[in-house]
Amino acid sequence: MVWTEPKTWTNEPLVAGDMNTHLRDNLEALKDPPSANYEADEASNYSTTSTSFVDVHATNLSLTIETKGGDVMVHFHGNIDAASYCHLDLEVDDTRIGGDDGICYAGVTHNIVSFTRLLTNLAEGSHTFKLQWKVNSGAGTLFAGAGTTYKDVIPQFWAREVS
Amino acid sequence: MKEIVLTPEQAINVRSLDAELRDVVGIGYIGLSTRLSDVIVFFEDDTTSELVRQAADVVANHDASILTAEQEAEIAREQALATARNRYPDALDPALFDSSPVDVQALAERLAWLEQEIRDLRDL
C-alpha cells in the first residue's frame with residue numbers, strides 16, 4: 001500500500017473515502033513499508049582479492065526498493081576472514097557512501113562484521129543498495145552457508161524505508 | 001575499472017590464482033572475486049585487451065592444487081604444531097622434578113600452570 005500525505009482536517013463530514021485513504025491505507029503502508037532482504041545461503045562462499053571496492057555479488061547482494069522519500073535503514077551482518085584487512089562499504093545508487101576504506105572492516109580471522117546505517121533524506125523513487133568490499137592484501141572470504149567447518153553461517157543484507 | 005566474468009570448470013585456489021594473475025598482468029591487475037561459480041577478474045581501465053586475454057587463459061589453466069609459498073608455510077606450521085602436540089600428550093607433572101634444584105622445581109610448577117591455562121583456553 002502506498003503512503004499518502006495525510007490531509008489536514010477541518011470542520012467537515014467524515015467520509016469513507018477520506019478515512020480509507022488517509023487512515024486505513026496509511027496505516028497499512030506503515031505496517032508494510034518498502035523493504036528488501038537477502039540471506040546468503042549459497043553453494044560456495046564469496047571471496048575477493050580486489051584492492052578496489054567491488055560488488056560482493058552484483059545481483060544477490062543488491063537491493064532495490066521504491067521509497068516515498070525520507071530515511072532508509074540498511075543492515076548487513078556476516079562473518080569474514082581476511083589475510084589482513086577486509087573493508088566493507090555500501091553503494092547507494094551507484095555512489096559509495098564510505099571513505100577510502102569504506103564504512104567498516106574485518107581483521108584477520110573469526111570476525112563478525114555488522115553495520116546498520118541510517119540514510120537520511122533520500123528522494124522519493126527507486127533506490128539501489130549494494131554491498132561492496134575490498135582487501136588491502138591477500139584474500140577476504142565472506143562465509144555464506146556453504147558448509148565450511150565451524151563457519152557454515154548465513155549472512156543477511158536488508159534495506160527498509162523507516163520514515 | 002574493467003572486469004571479466006569467467007566460469008571455470010575446475011576448483012579455484014583464490015590465493016594462488018591471485019598470485020598467478022598478479023604475475024601475468026602486473027600493475028593493471030586489481031584483484032579477483034569469486035561469486036558462486038563465477039570468477040570475476042578486475043583490471044585498471046588502461047589494461048590492454050591482450051593482457052585481459054592472457055588473464056582469462058590463466059584462469060582457464062589454473063591448477064588449484066598448486067599452493068603459494070605462504071600456503072605451504074601455513075601447512076608446515078600446522079603440521080609442526082600437530083607433531084609437537086602429539087609428542088607431549090600428557091600434562092606436565094611437577095613431581096617429576098622433586099629431586100631437581102629449587103629453581104627448576106619452581107619453573108616446572110609454573111610451566112605446569114601455564115600448560116593448564118592453555119589447555120583450558122583450547123577446551124582440552
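Below, chain A is the first sequence line, B the second, and so on; all start at residue 1.
The CZ atom of B:Arg35 sits 12.0 Å away from the CG atom of A:Leu142 when rounded to the nearest 0.5 Å.
Environment of CG in B:Asp98: crowded, with over 12 heavy atoms of neighbouring residues, nucleotides or ligands closer than 6.0 Å. More than 12 non-hydrogen atoms from other residues, nucleotides or ligands lie less than 6.0 angstrom from OH of A:Tyr38. Other residues, nucleotides and ligands contribute at most 12 non-hydrogen atoms within 6.0 Å of the OH atom of A:Tyr105. Under a cut-off of 6.0 angstrom, the local environment of NZ in A:Lys7 is crowded, with over 12 non-hydrogen atoms contributed by other residues, nucleotides or ligands. Environment of CD1 in A:Ile112: sparse, with no more than 12 heavy atoms of neighbouring residues, nucleotides or ligands closer than 6.0 Å. Within 6.0 Å of CZ on A:Arg160 lie no more than 12 heavy atoms contributed by other residues, nucleotides or ligands. The neighbour count for B:Ile27 CD1, taken as heavy atoms of other residues, nucleotides or ligands under 6.0 Å away, does not exceed 12. Enclosure of atom CD in B:Gln10 by more than 12 non-hydrogen atoms of other residues, nucleotides or ligands within 6.0 angstrom is indicated.
Contacts from residues 47-54 of chain A to chain B, taken as heavy-atom pairs separated by less than 4.5 Å, involve A:Ser47, A:Thr48, A:Thr49, A:Ser50, A:Thr51, A:Ser52, A:Phe53, A:Val54 in sequence order.
A:Val56 touches chain B through its backbone: at least one of N, CA, C or O sits under 4.5 Å from a heavy atom, while the side chain does not. The part of A:Asn60 that comes within reach of chain B is its side chain, from C-beta onward, which places non-hydrogen atoms under 4.5 angstrom from that chain.
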- Item | Audit row: B:Leu36, A:His57, side chain to side chain contact (heavy atoms under 4.5 Å, CB included) steps and yes/no | CA-CA 9 Å; B:Leu36 310 183; A:His57 192 288; 4.1 Å; yes
